[in-house]
Amino acid sequence: MEIHPRNKIVRLDHRRFPRTEPTDPLMGTVVISGKRHTTKVRDYSPKGVSLQFDMGFLGHMQDYPLDIRLELGETCFEGSIRHTHEQQDYVLAGVALRVIEPKGEISFTDEDPGWDLIEDETTLKNLFSDLTFKGPEVLVKLKQINGHAEVFAKEIRDETLVLEVHETKRGDLQKGFCTLRFEMFQTSHAFDSRITNIEKDMIEVSLPKKIARLLRRETVRVPNGTNNREITVELESRMLGKTKTPLEVYEYSEHGMAILDHELWLNAPVGVPIEKIILRTNNGKVIEGRGTIRGHRWIAEKDQYAVGIYFETSNNENRTLWHDFILEARYPLLSFNYQDSDHSKIWELFDRSGYLGLKPRESFNYVYDISKSTWTSLHNAGTKLSKRVMIRRDQKVLGHLQIDRIYPDTWCAHALAVDPSVFKTVGKDIYAITADVLSAERSNYIISITESHLSWNQRNYYDFVKTYRYPDHNELKLFQIHEAEMSKGWNLPAYKGLETRVANQYDMARIIRYFELHTSLLEREALGLTEHHLNLSQLSQEYSEFALTRKRDFVIGYLNGEFVGFAHLETGTTGISIFGIQDTMYVFLVPSLKEDRSKIYDAILAAGLEKYRDYNVPTVNIYVPDMRREELSDQGLKFIWEGVRWISRRETAKRFHSYIQNMYGHLILKRELIRKRRTSR
């Protein structure tokens, strides 16, 4: 009797993914046309499952494919019955599950804010110079309609790039239009060109006038064993059972790992949960969490499959261990394990680097001792609230960066100091790490307050922001920053008829409305100036778990019963920032106020500063948008510095990471090239 192809259960020995039978009976529920039916999983593979039903279950439903919903505990799948086969007293149904297709090749589209278009002649020259210096280390994908090959750069002749064929993938290459892509400095590059000459394995293409580049991944994957950081993994799943021996990890990042699966133990559909994951590092750490199967791919060099597992840790302590382990593998020069003994070393670095040069050294005496306990609390909070990055050498700290979550969805990078004796190229990782932290912690914004005249900022922030093609993704604002010392006071005059008070719930509605009308969406969301986050209550609760504080208040001003402005007050535990980023004050006036604006501004400012006395803080930073340096200094508010506040979306930080990698990657290669020329003489 002929068996219809739809009803045939084929043998398993020739399948790409052999089916696996669960160790223990796995019961589930199928929903078809709104009706629920009990079923048993007989076997599974990445493509689907075989389900067992009672005889006659499908009845008249013979049209395949038949859409169903499969529920296994709390996990649900969608799919379709592709075929059935009757046994003696039950029916087997082959179900194809819908899987998340792996992402294809990078697409340089206008909708992706992560890419930019490079047209600067010097930058292009440096890029192709680096590409030829790298040679076979960087393989270039060259594609035409009828041909595809991997090539590498040999040299540059006039306006021509000379390439050598490494491997022909498909067809034959011909003169004419082609597209080329390569990855260098953790960044994908793409450009269109024309093949102008072909001689055996040598190909000449025209150098382009522009090139697109895109950071390939938000978190760059780290091959297991990189920089002597290695992990093994043990898994336990309701569906798959429990591993008898640790499995080998191929690579990992903050969002998950690829596990080598020679025995196809993990050949299960995308979406299957792994209820318990135990990671063991080669430095003795144990990290626990859970995960979900995300995909399967063949690793040719290993001659086996790797299974992608999305991984999330079970608690904040495990997350800190996991993220620090990854960052130490990715950035071997950096250290993330702060100890109390590092406190004095970091302050010594602040002195040597000139980081404290904005104020007299003695003005930091009050915060020196306080910062020790505060930094310990921040370290205990882990990656949930703070990340401290250091470069160590010979018992000294040579580089330092502090990154704190100071708003619900925003991190602040500050306290950047690099020893003058350290090469700038050595410090590139400490400059680039911010993007890793933002991505790992699922944050959407970054804020940075820097002195406007520092040369490093001119090169790395302003030049980058100036050429970034999405102006609404980042924002630069200039402020004259003054400091109020509580012990010395100030002499800001009152304004007749002005009434001030701490804002109540009705005043808060007016303040929210003001921000909606007069500030950008980027600023409102990054600084939490929305109805949901205005009082920072959720963030305050998270800080309080680690004996830290973070809060916000408003002092509102009324003149003759009319709302004229308000003071925006922020505070937090002293020492979070030694420059007092946590104790920050702004004053806002309604645009309709025309007369005596400066006088009313000063009176509301004075009312806000008086409120700060309740917080028992030593100093307050006042961000003044107008140029009133001499006037406010005469009133007892010391001018500190002209500051630039940079607010950026995460996508911009992602591009900035790529910008840094390319800039410093080129400097490193340039130094290697000089060294090579000297040794060859």
Side-chain angles (χ1 to χ4, degrees), residues 316 374 377-378 381 384-386 404-412 414 441-447 449 475 477 479 484 486 499-558 563-577 580-590 601 604-617 619-623 625 645 647:
N316 186 56
T374 301
S377 296
L378 286 172
K384 183 178 182 180
L385 294 178
S386 181
D404 300 317
R405 186 157 69 94
I406 65 169
Y407 297 110
D409 207 19
T410 304
W411 287 68
C412 178
H414 61 106
E441 301 307 319
R442 306 293 199 278
S443 186
N444 288 322
Y445 304 96
I446 182 172
I447 183 171
I449 297 96
E475 178 182 278
K477 280 191 176 181
F479 296 91
M486 293 295 141
E499 299 179 4
T500 59
R501 65 168 183 267
V502 175
N504 58 34
Q505 59 179 334
Y506 304 106
D507 299 324
M508 297 292 264
R510 293 186 177 90
I511 291 170
I512 291 172
R513 182 62 175 163
Y514 176 91
F515 285 132
E516 289 174 345
L517 291 174
H518 304 296
T519 60
S520 67
L521 177 64
L522 177 67
E523 183 174 357
R524 294 198 303 275
E525 293 186 343
L527 272 62
L529 302 175
T530 60
E531 182 177 2
H532 184 61
H533 292 304
L534 194 61
N535 61 4
L536 298 182
S537 58
Q538 181 179 342
L539 184 64
S540 177
Q541 177 61 37
E542 294 182 49
Y543 265 70
S544 67
E545 295 174 13
F546 302 96
L548 296 164
T549 59
R550 186 81 177 101
K551 63 179 297 186
R552 175 189 281 156
D553 280 319
F554 296 91
V555 172
I556 198 162
Y558 284 90
F563 168 59
V564 293
F566 59 94
H568 166 181
L569 287 61
E570 295 184 5
T571 189
T573 303
T574 301
I576 291 178
S577 160
I581 292 174
Q582 72 281 358
D583 295 315
T584 297
M585 182 177 179
Y586 302 86
V587 173
F588 299 94
L589 300 179
V590 296
Y601 180 102
I604 295 177
L605 174 60
L609 289 174
E610 287 300 326
K611 176 61 179 176
Y612 268 108
R613 295 194 185 280
D614 296 341
Y615 303 151
N616 194 30
V617 298
T619 61
V620 176
N621 289 328
I622 307 163
Y623 284 58
R645 188 188 70 186
I647 300 174

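When reading the values below, keep in mind they use all heavy atoms of this one structure, side chains included, and skip hydrogens, waters and symmetry mates.
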*CA sep, side-chain torsions, deciding dist, call: Leu589, Val564, side chain to side chain contact (heavy atoms under 4.5 Å, CB included)*: CA-CA 6 Å; Leu589 300 179; Val564 293; 5.6 Å; no
_Asn444/Thr410 under side chain to side chain contact (heavy atoms under 4.5 Å, CB included): CA gap, chis, key distance, verdict_ = CA-CA 6 Å; Asn444 288 322; Thr410 304; over 6 Å; no
_Using side chain to side chain contact (heavy atoms under 4.5 Å, CB included), reason through Tyr543 and Ile576 one step at a time and then give a plain yes or no._
CA-CA 11 Å; Tyr543 265 70; Ile576 291 178; 3.8 Å; yes
*Starting from the C-alpha separation in whole Å, work towards a yes-or-no answer on side chain to side chain contact (heavy atoms under 4.5 Å, CB included) for Val502 and Lys611.*
CA-CA 8 Å; Val502 175; Lys611 176 61 179 176; 4.1 Å; yes
*Show the numbers, then the answer: is there a side chain to side chain donor-acceptor pair (under 3.5 Å) between Thr549 and Thr573?*
CA-CA 5 Å; Thr549 59; Thr573 303; 3.1 Å; yes
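Residues Asp507 and Tyr558 meet the side-chain proximity criterion, which asks for heavy atoms closer than 4.5 Å. Side-chain contact between Leu536 and Lys551 is absent, with no heavy-atom pair separated by less than 4.5 Å. Within the 4.5 Å cutoff, the side chain of Leu569 has heavy atoms near those of the Tyr615 side chain. Side-chain contact between Phe563 and Ile556 is present, with at least one heavy-atom pair separated by less than 4.5 Å. Proximity of Phe566 to Val590: side-chain heavy atoms (C-beta onward) are nowhere separated by under 4.5 Å. Put simply, the side chain of Ile622 does not reach to within 4.5 Å of the side chain of Tyr586, judged on heavy atoms. Using a 4.5 Å heavy-atom threshold, the side chains of Leu534 and Thr530 count as separate.
The neighbour count for Glu610 CD, taken as heavy atoms of other residues, nucleotides or ligands under 6.0 Å away, is above 12. Other residues, nucleotides and ligands contribute more than 12 heavy atoms inside 6.0 Å of the CD atom of Glu545. Heavy atoms from other residues, nucleotides or ligands lying under 6.0 Å from CG of Asn616 number 12 at most. Within 6.0 Å of atom CZ in Arg501, more than 12 heavy atoms from other residues, nucleotides or ligands are found, so the atom counts as buried in its surroundings. Heavy atoms of other residues, nucleotides or ligands lying less than 6.0 angstrom from CD of Glu516 number more than 12.
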List the atom pairs, donor and acceptor, that lie under 3.5 Å between side-chain atoms in residues 517-528 and the rest of the protein, sequence neighbours left out.
{"residue": "Thr519", "atom": "OG1", "partner": "Phe515", "partner atom": "O", "Å": "2.5"}
{"residue": "Ser520", "atom": "OG", "partner": "Glu475", "partner atom": "OE1", "Å": "2.8"}
{"residue": "Ser520", "atom": "OG", "partner": "Glu523", "partner atom": "N", "Å": "3.1"}
{"residue": "Glu523", "atom": "OE1", "partner": "Lys477", "partner atom": "NZ", "Å": "2.9"}
{"residue": "Glu523", "atom": "OE2", "partner": "Arg645", "partner atom": "NH2", "Å": "3.0"}
{"residue": "Arg524", "atom": "NH1", "partner": "Phe515", "partner atom": "O", "Å": "3.4"}
{"residue": "Arg524", "atom": "NH1", "partner": "Thr519", "partner atom": "O", "Å": "2.7"}
{"residue": "Glu525", "atom": "OE1", "partner": "Tyr445", "partner atom": "OH", "Å": "2.4"}

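For the residue pair Gly608 and Ala567, the shortest heavy atom distance occurs at CA-CB, 4.3 Å. When all heavy atoms are compared, the tightest approach of Ser377 to Leu548 is CB-CD2, 3.7 Å. In terms of heavy-atom proximity, Tyr612 sits nearest to Thr584 at OH-O, 2.9 Å. Looking at every heavy atom in both residues, Asp583 comes nearest to Gly572 through OD1-N, 3.5 Å. Of all non-hydrogen atoms in Leu609 and Ala484, the two that sit nearest each other are CD2-CB, 3.8 Å. Closest heavy-atom contact between Ser577 and Gln582: N-OE1, 3.2 Å.
Between His568 and Phe588, the angle of the ring planes stays under 30°, which puts this pair in the parallel group of the 30/60° scheme.
A distance of 8.0 Å separates CG in Asp404 from CD1 in Ile581, rounded to the nearest 0.5 Å.
Contacts classified as salt bridge (charged side-chain N to carboxylate O under 4.0 Å, His left out) and involving residues 566-575 (residues at least two apart or in different chains) are given here: Arg550-Glu570, Arg552-Glu570.
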